[in-house]
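Just the heavy atoms: all of them, side chains too, but no hydrogens, waters or symmetry mates, feed the values below.
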There are 2 protein chains.
Amino acid sequence: MTDTAAPRRRDAAATRLLLLDAARRRFAADGYSATTVRDIAEDAGVNVALIHRYFTSKEGLFEACLTGVGDELGRTAGEDLTLDRIAHDIAARLVGPHTAKHPNQILLLLRSSGDERAERIRQDILGTFAVRLAAAAGWRADLPDADQRLLSAQVTLATAFGLAVLRSSTTLEPLASAGHDDLVAPLARLVNALLKP
Amino acid sequence: MTDTAAPRRRDAAATRLLLLDAARRRFAADGYSATTVRDIAEDAGVNVALIHRYFTSKEGLFEACLTGVGDELGRTAGEDLTLDRIAHDIAARLVGPHTAKHPNQILLLLRSSGDERAERIRQDILGTFAVRLAAAAGWRADLPDADQRLLSAQVTLATAFGLAVLRSSTTLEPLASAGHDDLVAPLARLVNALLKP
DNA sequence: TGGCTAAGTCAGCAATCGTTTACATATCGC
DNA sequence: GCGATATGTAAACGATTGCTGACTTAGCCA
């Protein structure tokens, strides 16, 4: 019985990703301060000291996680967002296939480390996301009711985040075990009421 | 110059409330694990050891905070909740007058300590609150579409929580500085779309 | 193949955490 | 007024935290 696991091949980029991946899960699920660097390192199967080698600090790692989801959202939820697909997209991001690999990464955008730079990154992502949502609903900055429309988009965004939080931290039924289609129904009505021009 | 502050009169119940009050603020604002018992004690102007005397542990104090907001919600958001007052009530709870004394106490219901008993308390409060919301919209357990209606009520609840989180942890404009009336407008449309029978 | 550098390991630092214990003193019934 | 007891204080405990430095070893190129 060779129970001694074969030591992984040395690869800086690969272990960096391992750490980033484990960190994203932990931070999203447990929050910043409840997560220890030793937890992350153990999840990644990597020595603790490497966290500081590749990310200089726990804060640095958290920052990297934030920019990670930022880039991912930038790619996934692209420019071609149409009004009648918003409800579907939100539902997909709550129960979709990526949820299996990266459960509830949206939550990461609500986790706070207290660090100023991380906070700025978070603000930027949320801001551009809200604008993108509003734009899909015909919003433009020079319209007379621009503020009210943007506010409505942010309320819609709030619903998405609230659903993510409730589903991840409670067993509130029927919400907790609602599937994609179950969520699309009320979300479509919500989007229609809030964002329809 | 008598700069030595007059030592408060010894009063167990009073200092218990001082601790509870400070704890509710801290836990709601910073979360469970980011809050230290020394922070709470200092805010309350009270010795750290008294936390363990009156609440046996940090977890115990957190539990007491939860049941506190539970009772308060039970009293404030009474039985007489009508459909067309929901939007107003939610908005009031986000920017209302109690917000001055107890800013964002709703957030406490989303903070997790990991403790099992605290988790149960949280679940109970959220569950009954969702049912109460649904009931105001004509929901009854024996209706054929009971689940869908309850789900819609929980989505509405999710919006309220999402708004609380976003407003407390970001400076997302115009949401962050939106007043009561600004919020009622979209919330009324939302409630109308989701809960109207 | 030998050696140099990058990649990973190990042990332990100082600080802070929740908690406990031993002690001081205000408060109140008698 | 006196003593019993509830209330508050002070100091420290062990455990855990993020982090660091000195060390070992694998990987690659000349």
N/O donor to acceptor pairs below 3.5 angstrom from side-chain atoms of residues 137-152 of chain B, sequence neighbours left out:
{"residue": "Trp139(B)", "atom": "NE1", "partner": "Ala146(B)", "partner atom": "O", "Å": "3.1"}
{"residue": "Asp145(B)", "atom": "OD1", "partner": "Arg149(B)", "partner atom": "NE", "Å": "3.3"}
{"residue": "Asp145(B)", "atom": "OD2", "partner": "Arg149(B)", "partner atom": "NE", "Å": "3.1"}
{"residue": "Arg149(B)", "atom": "NH1", "partner": "Ala137(B)", "partner atom": "O", "Å": "3.4"}
{"residue": "Ser152(B)", "atom": "OG", "partner": "Arg189(A)", "partner atom": "NH2", "Å": "3.2"}
{"residue": "Ser152(B)", "atom": "OG", "partner": "Gln148(B)", "partner atom": "O", "Å": "3.2"}

Solution key, residues 47-55 of chain A side-chain donor-acceptor pairs under 3.5 Å, sequence neighbours excluded:
{"residue": "Asn47(A)", "atom": "OD1", "partner": "Ala49(A)", "partner atom": "N", "Å": "2.9"}

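For Thr171(B), the side-chain hydrogen bond (donor to acceptor under 3.5 Å, both in side chains) test picks out Gln123(A), with sequence neighbours left out. Remark: Arg117(B) engages Glu63(B), Asp115(B) in a side-chain contact (heavy atoms from CB on, under 4.5 Å) (not counting sequence neighbours). The side-chain contact (heavy atoms from CB on, under 4.5 Å) search around Ile125(B) returns Leu73(B), Leu109(B), Ile121(B), not counting sequence neighbours. When the side-chain contact (heavy atoms from CB on, under 4.5 Å) test is applied to Asp11(B), the partners found at least two apart in sequence or on another chain are Ala13(B), Ala14(B). Every residue was checked against the salt bridge (charged side-chain N to carboxylate O under 4.0 Å, His left out) condition with Glu173(A), not counting sequence neighbours, and none meets it.
In the hydrophobic clustering of this structure, Val37(A) groups with Leu20(A); members are Ile, Leu, Val, Met, Phe, Trp, Tyr whose side-chain heavy atoms approach within less than 4.5 Å, directly or through other members.
Of all nucleotides in DNA chain C having an atom under 4.0 Å from a heavy atom of chain B, the first and last in 5' to 3' order are dC17(C) to dC28(C).
Contacts of Val48(A) with the nucleic acid, taken as non-hydrogen atoms under 4.0 Å apart, are absent.
With values rounded to the nearest 0.5 angstrom, Leu183(B) atom CG is found 6.5 Å from Leu175(B) atom CG. Taken to the nearest 0.5 Å, the CG atom of Asn192(A) stands 12.0 Å off from the CG atom of Leu190(B).
Of all the residues in residues 55-67 of chain B, Ser57(B), Lys58(B) reach under 4.0 Å from DNA chain C with at least one non-hydrogen atom. For DNA chain C, the residues of residues 15-22 of chain A within the heavy-atom distance limit of 4.0 Å (strictly under) are Thr15(A), sorted by number. Near-neighbour residues of DNA chain D inside residues 27-40 of chain A, defined by a heavy atom below 4.0 Å, number-ordered: Thr35(A), Thr36(A), Val37(A), Arg38(A).
With rounding to whole Å, His52(B) atom NE2 is found 18 Å from dT7(D) atom P. Distance Leu50(A) CG to dA22(D) P: 18 Å, rounded to the nearest Å.
The nearest heavy atom of DNA chain C to Asp11(A) and to Ile51(B) marks one nucleotide each, and the one closer to the 5' end goes with Asp11(A).
Between Asp43(B) and Arg25(B), no side-chain nitrogen of the basic residue sits less than 4.0 Å from a carboxylate oxygen of the acidic one, so the salt-bridge criterion is not met.
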Query raised in the report: In B/S/- notation, 5' to 3', how is nucleotides 25-30 of chain D contacted by protein heavy atoms closer than 4.0 Å?
Result: BBSS--
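Relative orientation of the Phe27(A) and Tyr32(A) rings is parallel, given thresholds of 30° and 60° on the angle between their planes.
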